[in-house]
There are 2 protein chains.
Amino acid sequence: MCHIVMNGIIEEEKPAALSPLEIEAIEMFIGFLKLIGLPKSVGEIYGLLFVATKPLTMDDLIGRLRISLGAASQGLKLLRSVGAVKVVYSPGERRDHYVADLALSKFASAFIRDELDPRINRAMERIARMETEALLMDEPDKKITFQRIERLRHWMQRGQKMLPWILKFLVR
Amino acid sequence: MCHIVMNGIIEEEKPAALSPLEIEAIEMFIGFLKLIGLPKSVGEIYGLLFVATKPLTMDDLIGRLRISLGAASQGLKLLRSVGAVKVVYSPGERRDHYVADLALSKFASAFIRDELDPRINRAMERIARMETEALLMDEPDKKITFQRIERLRHWMQRGQKMLPWILKFLVR
DNA sequence: CACTATCTTCAATAAAAAATGAAACCATCC
DNA sequence: GGATGGTTTCATTTTTTATTGAAGATAGTG
């Protein structure tokens, strides 16, 4: 952390208030990332990094966004795990510096990989179990139920087909 | 509500416990609908209706899922608004009877219409404001910032292009 | 190696979201 | 019109989720 001398006393430098541009970016990412289940603090961090023209340290984030140490650390961890934030090496500097990876597709593909895909797989197992259960039913419900299960399976397959396509479209 | 006589006293009929098949369906829909931000109770209601071979009343849902009156009413309201649940008329019956609309695309299109689309539009406005803000900046940050804003716009446009396509794919 | 700056973790707290149920509302029947 | 069965609404409570910050771990430094 840098210092400035004032009145002969050493004080912590007050972090610059967020500019209107930064606020727009932050609000925007809070909204989009909340949509895929990410907490506000993660949106704040990514939003600020997205419009930052220089790498920022965790202290910068804590000071300017006024979030806690824990939130900053955890948010960065998540963003790194998703590939949306990178650590850049600053020679001579001890602390890590972070920059945003500008490829927003990172979020979409992480969402698909971490949330959608596993859920579809579990659903497929469920569907199999549901079918063995349905065997025990009596007509006419049995028939109706099989039709519905079949429909579920159909949707899941459609999803599985579609996801790689979406990914390809996004990443390119 | 039906009644049964027991010990000479009129009692409420105990609702049938959920079958394994019903539980699978319910858990499955809880998971998927939570993914698009819908509460558990909505997933429960839709899940049970999806595998129900007969229209169910609100009382049925309350009794079998053990949810409150309010949750049932609000959940059904939401599901109706999305087109995922229909009211069917039962002659002679006073209370409403509900069935699931089996087209799961209803959820996806509602999500796109209610969450994604408006958010993209607001983002476009933000982007415009960000650009006017960026005009005030000094080089070299100015240039970098314009590039980033341009990239944001690019992604939003890509999203706007993609959504109708996804919708078409889903609805068919 | 001892020291210090930095980062991570996690139990406790705060904030946000969902569920509850009583009261208000509505429609139908007699 | 009044009574009754059914539904919606909404203030309160409960549950879930996110944030905080101090303690612990880690790594660079002299």
Side-chain angles (χ1 to χ4, degrees), chain A residues 1-3 10 12-13 26 29-31 33-49 55-81 85-98 114-115, chain B residues 1-3 10 12-13 26 29-31 33-49 55-81 85-98 114-115:
Chain A
M1 173 65 76
C2 309
H3 295 86
I10 296 180
E12 297 273 310
E13 186 174 1
I26 290 166
F29 280 108
I30 289 176
L33 298 198
K34 173 141 52 182
L35 223 53
I36 58 173
L38 299 182
K40 189 174 156 203
S41 60
V42 172
E44 295 177 290
I45 295 169
Y46 187 78
L48 184 53
L49 286 175
L56 300 182
T57 66
M58 223 164 80
D59 271 4
D60 294 333
L61 294 167
I62 291 167
R64 304 203 58 213
L65 297 171
R66 304 167 145 284
I67 60 179
S68 71
L69 193 57
S73 174
Q74 298 198 142
L76 285 169
K77 178 182 176 185
L78 191 155
L79 286 165
R80 257 161 18 224
S81 82
V85 158
K86 307 280 185 222
V87 182
V88 295
Y89 172 69
S90 287
E93 287 272 12
R94 198 144 158 195
R95 59 185 83 172
D96 287 339
H97 289 241
Y98 301 95
D114 299 342
E115 308 284 345
Chain B
M1 172 66 75
C2 310
H3 295 85
I10 295 180
E12 297 272 309
E13 186 173 0
I26 290 167
F29 280 107
I30 288 175
L33 298 197
K34 174 141 52 183
L35 222 53
I36 59 173
L38 300 182
K40 189 174 156 204
S41 60
V42 171
E44 295 176 291
I45 295 169
Y46 187 78
L48 184 52
L49 285 175
L56 301 182
T57 65
M58 222 164 83
D59 272 2
D60 294 333
L61 295 168
I62 292 168
R64 303 204 59 213
L65 296 171
R66 303 168 143 285
I67 60 179
S68 71
L69 194 59
S73 174
Q74 297 201 140
L76 284 168
K77 179 182 175 183
L78 191 156
L79 286 165
R80 256 162 17 223
S81 84
V85 158
K86 307 282 185 221
V87 183
V88 295
Y89 172 68
S90 287
E93 286 272 10
R94 200 143 159 199
R95 61 185 80 173
D96 286 339
H97 288 240
Y98 301 95
D114 299 342
E115 309 285 343

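Letters A, B, ... are given to chains in the order of the sequence lines, protein chains preceding strands, and every chain is numbered from 1.
- Nucleotide C:dC7 holds its C1' atom 16 Å from the CG atom of A:L78, rounded to whole Å.
- Under the side-chain contact (heavy atoms from CB on, under 4.5 Å) criterion, A:K34 pairs with no residue, sequence neighbours left out.
- At its two ends the helix from C:dC1-D:dG30 to C:dC30-D:dG1 runs along axes set 10° apart, each axis drawn from five pairs and the angle rounded to 10°.
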In B/S/- notation (B base, S sugar-phosphate only, - none; protein heavy atoms under 4.0 Å), nucleotides 25-30 of chain D written 5' to 3' is --BBS-
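- Rounding to whole angstrom units, CG of residue B:D60 and C1' of D:dG6 are separated by 13 Å.
- Rounded to whole Å, atom P of D:dT20 lies 13 Å from atom CG of A:L61.
- Looking at B:L65 and B:I26, their side chains come closer than 4.5 Å, going by heavy atoms from C-beta outward.
- Evaluation of the side-chain contact (heavy atoms from CB on, under 4.5 Å) rule for B:S81 yields no partner, not counting sequence neighbours.
- The nearest whole Å value for the distance from the CG atom in B:L76 to the C1' atom in D:dT9 is 15 Å.
- Taking the side chain as every heavy atom from C-beta outward, B:V42 and B:V85 never approach each other to under 4.5 Å.
- A:I62 and A:A72 make their closest contact through CG1-CB, 3.8 Å (heavy atoms, listed as atom of the first residue, atom of the second, distance).
- Rounded to a whole Å, the CD1 atom of A:I62 is 11 Å from the P atom of C:dT6.
- Here B:K77 pairs with nothing under the salt bridge (charged side-chain N to carboxylate O under 4.0 Å, His left out) rule; sequence neighbours left out.
- Atom pair B:D96:CG and D:dG5:P shows a separation of 17 Å (rounding to whole Å applied).
- Distances shown here put every side-chain N or O of A:R95 at or beyond 4.0 Å from the OP1 or OP2 atom of C:dT4.
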Would B:D114 and B:I36 count as a side-chain contact (heavy atoms from CB on, under 4.5 Å) here? Give the steps.
CA-CA 11 Å; B:D114 299 342; B:I36 59 173; over 6 Å; no
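- Here the closest heavy-atom approach between residue B:Y46 and residue B:L33 is recorded as CB-CD1, 4.4 Å.
- Between A:L76 and A:L61, some side-chain heavy-atom pair lies under the 4.5 Å cut-off.
- At whole-Å resolution of the value, CG in A:L33 and P in D:dA18 are 13 Å apart.
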For a quick check, with a 4.0 angstrom heavy-atom cut-off, what is the B/S/- contact string for nucleotides 14-26 of chain C, read 5' to 3'?
----SSBB-----
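- In this structure the side chain of B:Y98 reaches within 4.5 angstrom of the side chain of B:V87, judged on heavy atoms.
- In this structure, A:R66 and A:R64 have side chains that are not in contact, with every pair of non-hydrogen atoms separated by 4.5 Å or more.
- If you measure from atom CG of B:L79 to atom C1' of D:dT8, you get 16 Å, rounded to the nearest angstrom.
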